[in-house]
Structures are given as structure tokens and as C-alpha cells.
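As the structure lists them, so they are numbered: ligands from 1, and atoms in each ligand from 1.
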Amino acid sequence: MRRWLRYISRGLAAILLFGVGVSIVGFCRAPDVPVITLPDSSTRVTEVTGLYPITMDRVAAPRSVDEISRLVAAAPGPISIGGGRYSMGGQTATPDGLQLDLRNFHGVVALDTAVRTITVHSGTRWREVQQAIDPAGLSVQIMQTYNTFTVGGALSVNAHGRYIGQGPVVRSVRAITLVLADGRVVRASPTEHPELFYGAIGGYGALGVIADVTLDLALDTRVQRVDTTLAVADYLAYFRRRVQPDSSVIFHNSDIYPPAYETTHAVSYVRTDLPVTVPERIQPADQASWGHRLAYRVITSGRIGKWLRQHILDPLMFKGHPVTWRNYEASYDVSELEPASRARTTYVLQEYFVPSDSLPVFVPRMRQILQRHHVNAVNVSIRHANADPGTDLAWARTEVFAYVLYYQQGTDAPARTEVGRWTRELIEAAIACGGRYYLPYQPVATRDQFARAYPGAADLFAVKRQVDPTNKFTNTLWDLYEPGPDGRVPDVSAAHMPAVLPGEVRIALDTVAGYQRDEGAEYLTHPEWDLVYTSEAYARWLSALKPPSEFPYVQSVGTFWRSYFATWRASRTRSPAGFGTHLMLGVIGLSTAVEYGLKGLYEETVGRLSEQDAPIDGTAEDRYAATVASQYARLINEKGWYEFSFAHALVHLWTDVPWTGPGILRKWERRLWLSAEYGFKAIYATLIGLGTATAYSPDEAQRYVVVAGWSDSLAVDTAPVHLRRVAWLDRRYALLSVPRYAAFRDALLGLSRDASRVRVAEVSGNEIVTLTGTAPRDWEAPPRSTVVAAYAVPTDRGWMRVVLAVDARDLLDVLAAGTRGRLVVDHIYDY
Ligand SMILES: Cc1cc2nc3c(=O)[nH]c(=O)nc-3n(C[C@H](O)[C@H](O)[C@H](O)COP(=O)(O)OP(=O)(O)OC[C@H]3O[C@@H](n4cnc5c(N)ncnc54)[C@H](O)[C@@H]3O)c2cc1C
């Protein structure tokens with residue numbers, strides 16, 4: 001018995017080694033092919049989270065007011081404005097528009113130390129302002145916690161910081177100049193064009209470009225840190241008694257600890273005459289360190305990490321009462337928060353502004369929502385703001401607490417959908433308490449929530465219609481929330497489809513069973529499809545009566561590994577597949593290598609000899625093998641390979657194919673060889689089939705696609721039968737259903753003939769689509785497509801197989817351009 005076991009294990013090891021050997025040789029003999037990429041003048045604009053990349057037609061980086069004015073006057077629109085690009089939801093971009101990147105438009109225009117004001121270009125970062133005013137003993141009056149943001153970006157969101165006795169940044173702005181849609185430059189202040197002043201500040205670039213900004217400054221003073229830990233329930237009383245009335249408190253915030261959200265750590269920086277314990281007046285620009293990264297990793301790793309933060313890390317970090325300059329405490333750089341990678345998970349902010357007295361109502365609701373959705377929060381920081389003096393989009397109608405939620409989320413589509421769900425719940429909780437949510441973050445609110453939180457938007461849009469009648473200035477925020485001239489939000493079209501689906505559409509899609517599909521294995525399904533293409537090529541080879549001995553078996557194994565390697569590399573930065581997927585692909589790859597390796601060996605020796613005896617049109621067995629190969633290739637396009645009835649093929653070989661005829665030697669050699677092949681595969685397929693049936697449930701046969709610009713006549717004209725409109729969604733997006741695989745491909749290829757009228761927004765809840773096809777080796781990949789893999793087709797070396805990744809919104813254009821350029825699409829991945 002033991003001896004047998006030894007023989008079996010040695011046999012298996014030999015087979016495995018053989019498979020590995022064939023794989024390595026195949027990999028080397030099926031090299032990658034370089035693909036020419038057609039020039040693409042568009043530019044992809046990203047923001048800090050990496051969740052909202054938007055392709056702009058062009059980005060211009062003006063350096064002067066004149067240049068901004070000329071660019072604005074000349075561009076027909078849409079125009080978006082970019083500052084530091086730290087807003088987190090496409091607020092600086094709109095698809096196919098012009099972005100004015102203001103980061104080069106920086107510098108101090110005037111500094112008046114006597115009256116304590118400074119005028120700067122709006123692309124100036126706070127750090128540069130601090131460097132200019134620090135020698136004069138001055139400090140910024142109101143800014144965010146980090147000094148990395150631009151002044152224009154801060155004004156346009158009406159930012160706030162950790163200051164006590166202050167509030168939104170508008171309270172420190174004396175005047176601005178504004179470049180309007182026609183290129184005119186106007187000055188605005190609380191008394192001069194107040195409608196422009198109060199519209200542009202907090203207006204997210206809706207009215208025009210804020211060019212120069214005059215700000216009030218404060219005195220730089222020494223501040224000492226003091227802190228205490230208390231129950232959240234006691235915080236309001238503590239704040240009212242100990243913080244708010246104390247005019248010496250300059251900065252204050254209080255971090256609520258997750259996951260219980262019961263305890264808060266209050267930190268104040270109090271004006272002092274004590275000598276500084278930290279001599280630097282401003283912190284260095286790059287504050288990224290492995291220590292910070294490790295701390296955030298620990299905190300987001302789970303409950304133990306959060307416990308460690310609350311009970312070990314924070315007590316250590318906040319030991320003592322250092323004395324620093326105010327400018328030092330106001331000069332943190334966002335690099336301190338930057339993780340090593342944002343590919344699979346990313347850190348994101350949200351903020352809710354709620355009247356201070358509503359803390360006892362809001363915090364329990366917030367806690368319940370965050371806990372119910374298992375939000376991986378780092379902390380919720382409470383800050384205070386006094387009321388806004390009158391901006392249209394004021395977030396502080398009264399005195400408020402800002403609840404700043406910093407958390408980690410996944411970057412894949414299901415994670416984003418889930419974040420949308422709980423964010424809408426938090427928005428609802430804030431509105432119910434008379435509060436608002438902050439707009440520089442992910443735009444997942446419904447229009448109704450936006451309207452209830454920001455009733456003053458009507459005033460902003462009334463001014464906008466006067467100064468920007470053609471709606472030149474826009475971005476994702478306004479693409480989603482700005483009502484049309486008649487107060488009705490316009491329907492989307494292929495030409496102007498926002499970068500993000502509206503909250504209303506998301507909510508509707510949430511109710512469609514099977515809509516959202518995991519994108520994890522999307523790229524890595526390609527290697528399996530490569531085997532389908534090999535089987536098709538093999539069937540075509542036999543049907544054309546080419547000698548089986550000349551089929552490129554080993555190279556065909558190589559293309560599997562080539563595609564696996566390339567798609568694995570690509571998937572790592574997007575949505576890496578789990579161990580199970582890799583195990584499955586490894587098993588498939590090695591068993592294919594063993595099968596094709598043995599087949600190659602046999603066909604090139606015994607098979608080649610018997611071919612000498614074959615008649616010109618092959619034996620009946622050769623023709624039968626071709627028919628079975630074609631049936632098999634057809635089946636695996638739709639189903640698992642193990643569903644093919646090899647037993648049936650074996651029985652018919654012996655019952656239907658005549659036992660005698662020309663080329664008797666070849667006939668019997670084939671008969672015995674095919675019997676061995678079909679017999680072995682029948683047993684193997686039965687075993688795999690049983691395993692698969694217990695491991696997986698049957699997959700849905702339909703997939704869903706969301707499109708803009710749909711009309712039901714398109715289904716008749718362009719993509720017959722396969723596409724069915726399931727529902728009209730908000731703003732006349734259409735939800736279509738389509739059968740999987742070939743029907744899916746044909747439907748989208750059909751639609752691509754109408755790419756100017758219709759545009760895809762999502763496929764199965766995902767924004768990136770992968771497609772494969774074959775093309776001549778000198779084929780040029782169309783703009784806006786990314787070549788994930790390309791390798792020569794083993795049976796026709798003049799052609800290559802390409803794997804492309806495309807944004808869903810560009811899919812139809814890429815298909816149209818690709819097929820014009822002789823791409824034969826074999827598969828569009830439907831998830
Ligand atoms: C780590 C981190 C911490 C943060 N902390 C705070 C905080 O403490 N307090 C706070 O209030 N916010 C905070 N935010 C949010 C941040 O303040 C805003 O996103 C701010 O706008 C970022 O400035 P920016 O220069 O990157 O602006 P961008 O993101 O580039 O632009 C923001 C908006 O302003 C518009 N805009 C930019 N410049 C101009 C201009 N010159 N004229 C007209 N419109 C313009 C853009 O079109 C866009 O709509 C934080 C964000 C991050 C990432």
C-alpha cells in the first residue's frame with residue numbers, strides 16, 4: 001500500500017513538473033507584442049482620494065489675472081477651476097471640459113502690516129502666506145487645519161479651522177476680484193457687488209474665478225497645549241463652561257474615539273507668555289513619515305488598533321504641555337496623512353455642521369449609523385464655528401459644531417455604494433437636527449437633501465444666470481445639483497453626462513437584485529477566456545483539415561500564462577483577486593499545460609506518423625474530432641468546460657463513425673487516441689462538475705447597464721433583441737438588461753454605432769470595463785483605452801490578442817474607433 005502511495009505521489013510530481021516545464025517554455029515562446037497607442041490630448045484630473053478621476057479635454061495653468069481672463073473669454077465652456085485639488089468628489093473637474101489649474105497663479109500682491117491685511121493670488125497656498133507674514137509677527141486669521149490648500153480653494157468652499165471665536169473663512173475676507181464668464185474682472189466685497197461676494201465665497205467656482213483675495217490677519221502668538229479626556233455626553237457643558245468663554249483659547253478640537261463613540265479627547269491651544277518649547281516657527285512642508293503611516297494602519301486595522309490609539313498612542317503623544325507659535329500649530333501639511341498606497345483602500349473625510357446645542361441629539365444618531373454600517377473611522381473631530389455673515393451656501397446659519405469624520409474605505413464599486421448609503425443617512429440625521437453637510441466631499445446626497453440643506457442655492461443660481469447665462473462654469477458638484485433655468489434639472493445626454501451618478505439613481509439601483517457585481521475578478525477572468533479562444537482556434541484548425549501535429553500547443557499554453565501575468569499585474573492596483581481565484585487559475589493553467597503538453601508530444605510523434613496514412617480530406621475520425629472540437633468551443637463560450645458531455649462524444653465515436661474506410665491505420669490510431677482523450681476528460685469533467693456544483697451557486701444570466709441618451713427606438717435600430725429597458729431612472733438615465741456573454745458583446749457593439757447619441761455610465765455597477773479582441777499587429781489602440789496585455793495569436797502570428805481597460809463612459813467610443821481600426825472584439829467583460 002505504502003509503495004503504491006509512493007508511486008502515485010512520484011507520478012503526480014512528475015506530471016506537475018511536466019506541466020511547469022511546458023508552461024515555462026510556452027511563456028517564453030508566446031512573447032508580448034508592443035502596441036502603438038494613438039495620441040490622446042485629454043488629461044485625467046484626480047483628487048486626493050483617487051476615487052473620482054475625471055478626463056478633461058484640456059488643462060491650462062494660467063499665471064496672471066490677464067491670462068485667466070483671456071482663457072475664460074475664449075473658452076465656450078464647460079470650465080472647471082482647480083486649486084490644490086484636495087476636495088474629494090470631482091469639485092474641480094467636469095468630463096471633457098477645460099480645467100483652469102490655478103496652482104501656478106500664486107504669490108503675494110500686497111502686505112500691509114499696519115492694518116494687518118494681505119492680498120494674494122488665489123492659487124497661493126496657505127504655507128506661502130504664512131512664510132510671507134511670519135517675519136512680521138502675523139498669522140492667518142482663519143484657515144483649515146492644513147496649510148497645503150490654496151486660498152482660492154479655501155474661499156470657494158468657505159473653509160473653517162480649529163479656531164475658537166471664528167467660523168467660516170468668509171469672516172476674514174475683506175475683498176476679492178472675480179473673473180466672470182465673459183472675461184470681465186470685477187471687485188467684490190461685503191459692500192461692493194455683495195451678491196458676487198457672498199455667492200463666490202462658498203460657491204465652488206459657480207460664478208467665476210476668484211483671482212485676488214484680501215484677507216484680515218491676526219497676531220502670531222505663543223500657544224500652550226492643554227488636553228483632557230471626557231465623556232462625549234459631558235462635552236457640550238465642558239465647551240460652554242471652559243472653552244467658549246475663554247478668549248485666550250486660540251485653537252480647540254475634540255476627537256471622539258471609535259468604535260464606541262462615547263469618549264472624547266479635548267485639546268486646546270491657549271495663548272501664553274511662556275517661552276516656546278518648540279523653536280521652529282513653521283513646520284516643514286513634507287511631514288510624511290513611516291510613524292504616521294504606521295499609526296493610521298494600526299488605528300484602521302480593527303478594534304485592537306483603535307483601543308491602542310485611545311489608551312496607549314494618544315496618551316503618549318499628548319504627554320506634556322508644549323509651547324509653540326500659532327503659525328507652527330497652523331502649519332501641518334496633508335502629507336502627514338498620506339498612506340503608502342490608495343489603490344485598494346483610501347482615507348476620506350466628511351463633515352456635518354449641526355447647531356451646537358443639538359449635540360445630545362445628533363451624536364447618538366451618528367454613533368448608531370456609523371456602528372450599524374461598521375464604518376472604519378479614525379476619529380470624529382468636533383470643531384466650533386460662529387455663524388456665517390451671509391454667504392448663499394452658508395453651512396453655519398447659527399453657531400455650530402462641525403463633526404469631522406475621518407475614515408478608511410475600499411475603492412471598489414461595492415464599497416463606494418455602501419459609503420453612499422450611510423452618508424445619506426448621516427446627511428439626513430444632520431438635516432433633522434437643523435444642520436448641514438459639507439460639500440467638498442463625496443457628492444452622494446440626493447438633490448432633495450441638497451435643497452433642504454442649502455436653500456440659499458436658489459439665490460446663488462439666480463446670480464449665476466445673470467453673470468454666467470450659458471453655464472460656462474461647472475464641475476461635478478454643479479453637474480449634479482444645479483437646477484436648470486426653469487428650476488427643473490435637465491435630463492442627461494451622451495454629450496453631457498456628469499462624472500458621477502446622482503444619489504437618486506444609486507438609490508433606485510440599490511433595489512435591483514443582482515445589479516451590483518464584484519469587480520474583484522474582472523481582469524482575471526481573461527486567462528480563462530484565453531483558453532476559450534485557444535479551443536476555438538483548435539476547432540478552426542481541425543475544421544480546415546490542417547494537421548493536428550502542427551497546432552502550436554505549447555505557445556497556446558504560453559498565452560494563458562502571458563494573459564494571467566499581465567492581468568494579475570493590472571488587478572493589483574485596482575481590485576486584487578483573492579487566493580481562491582489564483583488557486584483556481586493555477587490549477588487550470590497547469591492542467592492545460594499537462595493536457596496540451598501531452599497532446600503536443602503525442603501529435604508530433606505518433607500522430608505525425610499516422611498522418612502519412614490519412615487521405616487528403618482526413619479520416620472520418622479526423623472529421624469527427626473537428627466536429628466535437630467545434631461543439632466544445634461553442635459550449636464553453638456560454639458554460640463551464642466540464643458541462644460538455646465527453647461521454648456522449650465517446651459513445652458516438654464508436655456508434656456513429658464507420659469502423660472501416662480509407663486510411664485504416666490513421667483511422668484506428670485516431671479512434672484509440674480520441675477514445676483515450678474523451679474517456680479521460682469524461683471522468684475528469686464529472687469530478688470537476690461535482691466539485692463546482694457544491695462550491696458555487698449558478699450565476700445570473702442577465703447583466704445590467706446604465707446609459708444616458710437612451711431612446712427605445714435604439715433597441716430596434718441598433719441593438720436588436722438583446723437590450724431591454726428595465727426602467728427609466730432619475731434625469732432619464734435608462735437601466736437596461738442584457739443577456740451575458742456573446743449577446744452582451746453584440747448589444748454593446750450595436751450601440752457603439754450610435755456612440756454620439758448614447759453613452760454608458762456603468763456596467764454591473766462598475767465604471768471600468770475590460771474588453772478583448774484580435775487585431776493586426778500594426779493596430780493602434782484608440783485614445784482613452786489602456787492596453788492591459790497584448791500577445792501574438794499562436795495560430796496566426798500576423799495578429800495579436802489585446803486586452804483593453806476602458807472607462808464605461810468611453811466604452812462605446814472606443815468600440816467604434818477600435819472596430820473601425822480592424823479590432824475584432826471577442827469579449828466585453830460583463831462581470
Ligand atoms: C486632509 C484634508 C483635511 C481637510 N481639512 C479641512 C479643514 O480643516 N477645514 C475645512 O474647511 N476643510 C478641510 N478640508 C477640505 C478642504 O478644505 C477643501 O477641499 C478645500 O477646498 C481644499 O482646497 P483646495 O485648494 O485643494 O481646493 P480644490 O479642491 O482645488 O477646490 C475646491 C473647490 O473650490 C473651487 N475653486 C478653487 N479655487 C478657486 C478659485 N480661485 N476660484 C473659484 N473657485 C475655485 C474648485 O472649483 C472646487 O469647487 C480638508 C481636506 C483634506 C483633504
Verdict with supporting geometry, T46 and Y52, side-chain contact (heavy atoms from CB on, under 4.5 Å): CA-CA 6 Å; T46 48; Y52 293 88; over 6 Å; no
Working for side chain to side chain donor-acceptor pair (under 3.5 Å), residues Q130 and N327: CA-CA 7 Å; Q130 288 169 334; N327 281 344; 4.9 Å; no
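Salt-bridge annotation for D388 and R171: absent, with no side-chain N of the basic residue lying under 4.0 Å from a carboxylate O of the acidic one. For the pair R416 and D412, the salt-bridge criterion is not met [side-chain N within less than 4.0 Å of a carboxylate O]. The pair D101-R85 meets the salt-bridge criterion, since a charged nitrogen lies less than 4.0 angstrom from a carboxylate oxygen. By the 4.0 Å N-to-carboxylate-O rule, D468 lies too far from K472 to be salt-bridged with it. The existence of a salt bridge linking R281 and D134 is confirmed by a sub-4.0 Å separation between a basic side-chain nitrogen and an acidic carboxylate oxygen. Classification of D807 and R809 as a salt-bridged pair fails, no side-chain N sitting under 4.0 Å from a carboxylate O.
Put simply, part of R383 is less than 4.0 Å from ligand 1, judged by heavy atoms.
Here the heavy atom of the protein found nearest to atom 52 (C) of ligand 1 is L349 CD1, 3.4 Å. Of the protein's heavy atoms, I210 N, 2.9 Å lies nearest to atom 42 (N) of ligand 1. At the top of the distance list for atom 27 (O) of ligand 1, counting protein heavy atoms only, stands G153 CA, 3.4 Å. Regarding atom 45 (C) of ligand 1, its nearest protein heavy-atom neighbour is S156 OG, 2.9 Å. The nearest heavy-atom contact from the protein to atom 24 (P) of ligand 1 is G84 N, 3.3 Å. Of the protein's heavy atoms, Q91 O, 2.8 Å lies nearest to atom 49 (O) of ligand 1. Protein heavy atom nearest atom 47 (O) of ligand 1, with residue, atom name and distance: I81 O, 2.6 Å. Of the protein's non-hydrogen atoms, the one nearest atom 18 (C) of ligand 1 is V157 CG2, 4.0 Å.
More than 12 heavy atoms of other residues, nucleotides or ligands sit less than 6.0 Å from atom CZ of R465. By the 6.0 Å contact criterion, CZ on R44 is enclosed, its count of non-hydrogen atoms from other residues, nucleotides or ligands being greater than 12.
Of all atoms in ligand 1, numbered sequentially from 1 with element shown, those under 4.0 Å from a heavy atom of L102 are 40 (C), 41 (N). Less than 4.0 angstrom separates some heavy atom of G205 from each of these atoms of ligand 1: 43 (C), 44 (N). Of all atoms in ligand 1, numbered sequentially from 1 with element shown, those under 4.0 Å from a heavy atom of N475 are 49 (O). Using a 4.0 Å cut-off to heavy atoms of S122, the atoms of ligand 1 that qualify are 41 (N). Here is the list of ligand 1 atoms found below 4.0 Å of a heavy atom in L337: 1 (C). Below 4.0 Å from some heavy atom of T145 lie the following atoms of ligand 1, by number and element: 8 (O). Taking every non-hydrogen atom of V209 and a distance limit under 4.0 Å, the qualifying atoms of ligand 1 come out as 42 (N). Residue Y204 approaches ligand 1 through these ligand atoms, each under 4.0 Å from one of its heavy atoms: 49 (O).
A cation-pi contact, defined as under 6.0 Å to the ring centre and within 45° of the axis, links R162 to F251.
Nearest to atom 38 (N) of ligand 1 by heavy atom, out of S87, G208, G152, is G152. Checking F105, Y438, F149 against atom 22 (C) of ligand 1, the nearest heavy atom belongs to F149. Comparing Y146, W126, F473, Y441 by heavy-atom distance to atom 13 (C) of ligand 1, the nearest is Y441. When the options M143, Q144, M88 are ranked by their closest heavy atom to atom 7 (C) of ligand 1, first place goes to Q144.
With a 4.0 Å cut-off on non-hydrogen atoms, A159 touches ligand 1 through its backbone as well as its side chain. Residue-level proximity to ligand 1 for V404 is absent, since no heavy atom of it falls below 4.0 angstrom. Within the 4.0 Å heavy-atom criterion, neither part of L155 lies near ligand 1. At a heavy-atom cutoff of 4.0 Å, ligand 1 is contacted by the side chain of P440 but not by its backbone.
Aromatic pair Y403/F353: ring centres not closer than 6.0 Å. For H252 and Y269, the ring centers sit 6.0 Å or farther from each other. Aromatic pair F401/F239: centroids less than 6.0 angstrom apart.
Counting only distance, with no hydrogens or angles, the side chain of Y437 and the backbone of Q449 share no donor-acceptor pair below 3.5 Å.
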